[in-house]
Amino acid sequence: MYDLLVIGGGINGAGIARDAAGRGAKVLLCEKDDLAQHTSSASTKLIHGGLRYLEQFEFRLVREALQERDVLLRMAPHIIWPLRFVLPHHSELRPAWMLRTGLFLYDHIAGQTSLPKTERLSLNKPPFAGLLKEKFKFGFEYSDCWVEDSRLVALNAISAAEHGADIKTRTACVGLEREGDIWSAKLASKDCGQIEIHAHAVVNAAGPWIDDIIDLSAPGRNERNIRLVKGSHIIVPKLYDDDRCFIFQNADNRIIFAIPYERRFTLVGTTDLSYSGDRDTVTISEEEIAYICAAASEYFSKPITSADVISHYSGVRPLYDDHSESNSVVTRDYVFDVRAIDEKAPLLSIFGGKITTYRKLAEHALEKLEPYINFKSGPWTKKTPLPGGDIPDADFEAFVEALIKKLPWAPADLVYRWARCYGTRAEFIVGDAAKTSDLGTHFGAGLYEREARYLMDHEFAYSSDDILWRRTKLALHMSKDEKLSFEEWGAQQRTA
């Protein structure tokens, strides 16, 4: 008997599972695919307040997100780090005073922060001279943070498991019904077949499939509470050498980002399109590629074309349908729906949310469940690092410098990547290795057998995509033959 069944292995489900398990609850999380396989790995990969949400008067959401920005930066300094964003002034769109006012509010709405405040800067001097079109003469530079989104999900799931939670990936919930004051759930996986479990409460964090789970629990109701909004990004060769990011205003009131990505690339996006297609196979359209390229080319001196695109990704955001006319203004805030019978066997469904506020969402979700579950302790995640995040003083640069000195036999760029991915747990991969040959087969791009086995044994990785695209981004750096070779090796391990 479980206290809590969590359906969905995205950031909301993993965050709730971690928090609940740390409070002493017996938790099972099931995910029909891989952790973060869908929405939670298709974000713009930012920990941010959402500057544009100020125009929509989402002050509570922005304030909470900005406060969480500092909390998460301390919790996981290996996968989250500060960035500076350049917002060029576009004279045909918002006036300069409006941008400056919004950024002043953005700097101060959350109170004290560890990140630098906004500055005005010239765009016709180095390092920006020639990069942007001449009409963009000045802009503003402000702070936000980057996050390795799919790794954030994996680390929450790892922490949940270390606090006693059962994590079952590639396991779908195919049956859900109340039996008196408890839930009976049927879980099906390709490897283990079907099992039945019981739980006092259920959290529906199924993202794009949230209405399916509600329908499963109440056959015939056929509710439609979410608006699916597709967001797509493109990856192009590195557009500039500076480590700052750009945020560009568009005439349609949307914004896009251009962000240095994986050392050799620039990430550009995103879009906001209503979506009603296959939720398992969400792909970018030619129209979206053209839109992103045109929006970026409005600013960059050298146009971006579809021929420049070397990779892309898409996902659908399961937003609560507040009946807004435009996808760009529908609320990104989270909404809870709790349904119980005679104050027993609650089903808590979660709509919307931002990756930045996942931890607070988890706390608020467990507040909703306190009448039904006897937690042994209260909130605890705010000051507890995620796995690998226990870096002294959250000083990543000092940590990686020390790690490079400790491992003189390993290439510095490889050690740096290990530090970024795994933080203090990089030593779990190194183990007793004293030379690179001790790490086993080298598959390419710095991926060795020992790291791959670690990901399978400790981070719930199963397929080559789990490792090459979600636990790492090494697929971007490997040749076609290297990826194929690794896929064949992984298939052999699964059948061994």
Side-chain angles (χ1 to χ4, degrees), residues 6-16 31-46 50 52-53 56 58 61 149-150 153 172-173 176 203-218 221-234 252-257 269-292 312-337 347-358 361 365 470:
V6 179
I7 302 172
I11 189 57
N12 290 338
I16 289 170
E31 160 56 48
K32 73 183 189 67
D33 295 308
D34 181 31
L35 297 171
Q37 183 163 331
H38 299 286
T39 306
S40 293
S41 61
S43 76
T44 311
K45 310 185 192 311
L46 299 178
R52 69 188 179 96
Y53 303 146
Q56 299 161 21
E58 297 264 21
L61 175 62
D149 52 6
S150 49
V153 178
C173 180
L176 187 64
V203 166
N204 176 9
W209 293 269
I210 188 170
D211 282 337
D212 295 17
I213 298 300
I214 293 176
D215 293 345
L216 196 65
S217 70
R221 183 169 290 178
N222 296 321
E223 293 196 26
R224 293 297 173 261
N225 303 285
I226 59 174
R227 179 185 297 194
L228 296 181
V229 177
K230 183 168 77 160
S232 297
H233 297 75
I234 61 173
D252 60 2
N253 290 322
R254 294 211 67 260
I255 55 95
I256 66 164
F257 294 96
T270 181
T271 57
D272 261 324
L273 296 176
S274 296
Y275 186 77
S276 59
D278 187 342
R279 291 164 290 176
D280 287 297
T281 55
V282 186
T283 59
I284 196 169
S285 66
E286 292 298 326
E287 291 77 13
E288 285 179 288
I289 292 175
Y291 170 85
I292 296 171
H312 51 75
Y313 62 86
S314 302
V316 289
R317 311 175 192 104
L319 305 179
Y320 181 72
D321 192 355
D322 61 3
H323 305 293
S324 297
E325 292 185 7
S326 170
N327 290 328
S328 63
V329 300
V330 65
T331 183
R332 264 57 173 178
D333 210 345
Y334 49 85
V335 177
F336 294 138
D337 177 57
L347 171 67
L348 170 60
S349 297
I350 300 168
F351 302 91
K354 286 165 48 67
I355 197 167
T356 306
T357 54
Y358 89 89
L361 181 151
R470 286 180 285 279

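If you read the sequence from its start, that first residue is 1, and numbering goes on from there.
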Would you please name every residue forming a side-chain hydrogen bond (donor to acceptor under 3.5 Å, both in side chains) with [X], sequence neighbours left out?
X	result
Tyr291	Asn250, Asp252
Ser40	none
Thr281	Asp278
Ser41	none

How long is the span from the [atom1] atom in [X] to the [atom2] atom in [Y], to the nearest 0.5 Å?
X	Y	atom1	atom2	value
Ile213	Leu216	CD1	CG	5.5 Å
Glu287	Leu273	CD	CG	9.0 Å
Leu319	Asp272	CG	CG	8.0 Å

Between [Y] and [X], is there a side-chain heavy-atom distance shorter than 4.5 Å?
X	Y	answer
Pro208	Thr39	yes
Asn204	Leu176	no
Asp211	Phe351	yes
Asn225	Asp337	no

key: Nearest heavy atoms of Ile16 and Ala365, plus distance in Å   = CD1-CB, 3.9 Å

request  = Measure across Ser217 and Leu347 and return the closest heavy-atom pair with its distance rounded to 0.1 Å.
outcome  = OG-CD2, 3.4 Å

Could I get the full list of side-chain contact (heavy atoms from CB on, under 4.5 Å) partners for [X], not counting sequence neighbours?
X	value
Thr44	Leu46, His233, Phe257, Ile259, Thr270
Asp33	Glu31, Gln37, His38, Asp280
Ala42	Tyr313
Ser232	Lys230, Thr271, Ile284, Glu288, Ser314

key: Residues that Asp34 engages under salt bridge (Lys or Arg N to Asp or Glu O under 4.0 Å), provided they are two or more places apart   =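 Scan of Asp34 (salt bridge (Lys or Arg N to Asp or Glu O under 4.0 Å), adjacent residues dropped) gives Arg470, Arg471.
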
ask   = Who passes salt bridge (Lys or Arg N to Asp or Glu O under 4.0 Å) against Asp212, sequence neighbours left out?
value = Arg279

message = Test of understanding: with ring pair (Phe, Tyr, Trp, His ring centres under 6.0 Å), list the residues that count as partners of Tyr358, not counting sequence neighbours.
response = none

inquiry  = Tell me which one of Ile11, Ile350, Ile355 satisfies side chain to side chain contact (heavy atoms under 4.5 Å, CB included) with Leu361.
reply    =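 So the option named by the test is Ile350.
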
